[in-house]
Amino acid sequence: MLAGLAINAKAQDFPEDIKPLVTKYACTACHKVDARLVGPAYTDVAKKKYTNEKIVELIGAPKPSNWPGYPPMAALKVPKEDALKIAGWINSLAGKSKAKGKKS
């Protein structure tokens with residue numbers, strides 16, 4: 001049982017290179033890795049199969065219609081380089097083959 005708790009706690013952790021970014025841009029105020037908070041879990045975002053570029057676009061200009069049942073996300077000003085790092089990590093949660101798909 002303790003091993004299961006340790007695995008679940010580890011699943012909520014962000015990689016060392018991503019944690020400072022999601023903290024700096026306040027992403028963690030609304031999102032968790034694999035659980036709903038105010039916004040969807042990053043694992044659920046990954047299931048949408050957005051390209052990295054589409055995620056970057058949606059960070060700056062969210063489309064609430066993409067996420068019915070959630071409050072609208074505020075547009076964030078995240079430099080493209082940082083947003084691409086975050087987007088690449090989000091897509092890595094679905095596996096490399098799923099992250100290549102496109103959706104608008």
Side-chain angles (χ1 to χ4, degrees):
M1 183 169 160
L2 291 177
L5 292 174
I7 290 169
N8 190 37
K10 185 68 176 168
Q12 286 297 324
D13 289 340
F14 292 91
E16 287 186 32
D17 60 329
I18 298 300
K19 189 171 188 171
L21 297 176
V22 295
T23 302
K24 178 179 181 177
Y25 300 113
C27 306
T28 55
C30 296
H31 300 278
K32 287 187 172 186
V33 175
D34 60 5
R36 179 180 178 145
L37 192 56
V38 174
Y42 286 121
T43 52
D44 290 336
V45 176
K47 290 175 187 175
K48 291 275 193 167
K49 301 179 184 177
Y50 295 124
T51 63
N52 291 352
E53 292 76 17
K54 185 64 177 179
I55 292 174
V56 170
E57 177 186 323
L58 291 169
I59 290 170
K63 293 183 180 177
S65 60
N66 290 356
W67 293 97
Y70 289 91
M73 179 177 148
L76 300 174
K77 292 187 180 195
V78 178
K80 187 171 183 176
E81 181 179 337
D82 289 348
L84 280 169
K85 287 178 187 175
I86 294 168
W89 169 73
I90 291 170
N91 279 330
S92 76
L93 297 172
K96 293 180 182 178
S97 62
K98 291 181 181 181
K100 293 181 182 177
K102 293 183 180 181
K103 191 170 183 176
S104 50

Novice: Closest approach of Pro72 and Pro64, non-hydrogen atoms and distance?
Specialist: CB-CG, 3.7 Å
Novice: If every non-hydrogen atom of Val45 is compared with every non-hydrogen atom of Tyr50, which pair is closest and at what distance?
Specialist: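 Closest approach of Val45 to Tyr50, heavy atoms only: O-CD1, 4.2 Å.
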Novice: To the nearest 0.5 Å, how far apart are CZ in Arg36 and CG in Asp44?
Specialist: 9.5 Å
Novice: Tell me the side chain to side chain donor-acceptor pair (under 3.5 Å) pairs involving residues 69-80, sequence neighbours left out?
Specialist: none
Novice: Donor-acceptor pair, His31 side chain versus Pro40 backbone, under 3.5 Å?
Specialist: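 It does hold such a pair.
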Novice: Between the main-chain N or O of Leu21 and the side-chain N or O of Lys85, is there a donor-acceptor pair closer than 3.5 Å?
Specialist: no
Novice: Rounded to the nearest 0.5 Å, what's the gap from CD1 on Ile90 to CD1 on Ile59? Could you check?
Specialist: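 If we round to the nearest 0.5 Å, Ile90:CD1 and Ile59:CD1 are 6.0 Å apart.
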Novice: Between atom CD of Glu53 and atom CG of Leu84, what is the distance when rounded to the nearest 0.5 Å?
Specialist: 6.0 Å
Novice: Taking all atoms of both residues into account, what is the closest heavy-atom pair of Glu16 and Pro20, and its distance?
Specialist: O-CD, 3.1 Å
Novice: Is any side-chain heavy atom of Trp89 less than 4.5 Å from a side-chain heavy atom of Val33?
Specialist: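 SC-SC contact between Trp89 and Val33 confirmed.
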Novice: Among residues at least two apart in sequence or on other chains, which ones pass side-chain contact (heavy atoms from CB on, under 4.5 Å) with Thr23?
Specialist: Lys19
Novice: Asn52 versus Asn91: any side-chain heavy-atom pair under 4.5 Å?
Specialist: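 Yes; the side chains approach each other to less than 4.5 Å.
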Novice: Could you give the distance from CG (Leu37) to OH (Tyr42), rounded to the nearest 0.5 Å?
Specialist: 10.0 Å
Novice: Consider only side-chain heavy atoms of I, L, V, M, F, W and Y, link residues closer than 4.5 Å, and tell whether Val56 and Val22 are in one cluster.
Specialist: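 Val56 does not cluster with Val22.
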Novice: Search all heavy atoms of Gly60 against all heavy atoms of Ala75 and return the closest pair with its distance.
Specialist: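 Minimum heavy-atom separation between Gly60 and Ala75: O-CB, 3.1 Å.
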Novice: Under the side chain to side chain donor-acceptor pair (under 3.5 Å) test, which residues partner Glu57, sequence neighbours left out?
Specialist: Lys54
Novice: Provide the closest heavy-atom pair for Leu76 versus Tyr25 in the form atom of the first, atom of the second, distance.
Specialist: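 Residues Leu76 and Tyr25, closest heavy atoms: CD1-O, 4.1 Å.
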Novice: If I take atom OG1 from residue Thr51 and atom CG from residue Leu58, how far apart are they, to the nearest 0.5 angstrom?
Specialist: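 Thr51 atom OG1 to Leu58 atom CG measures 8.5 Å (nearest 0.5 Å).
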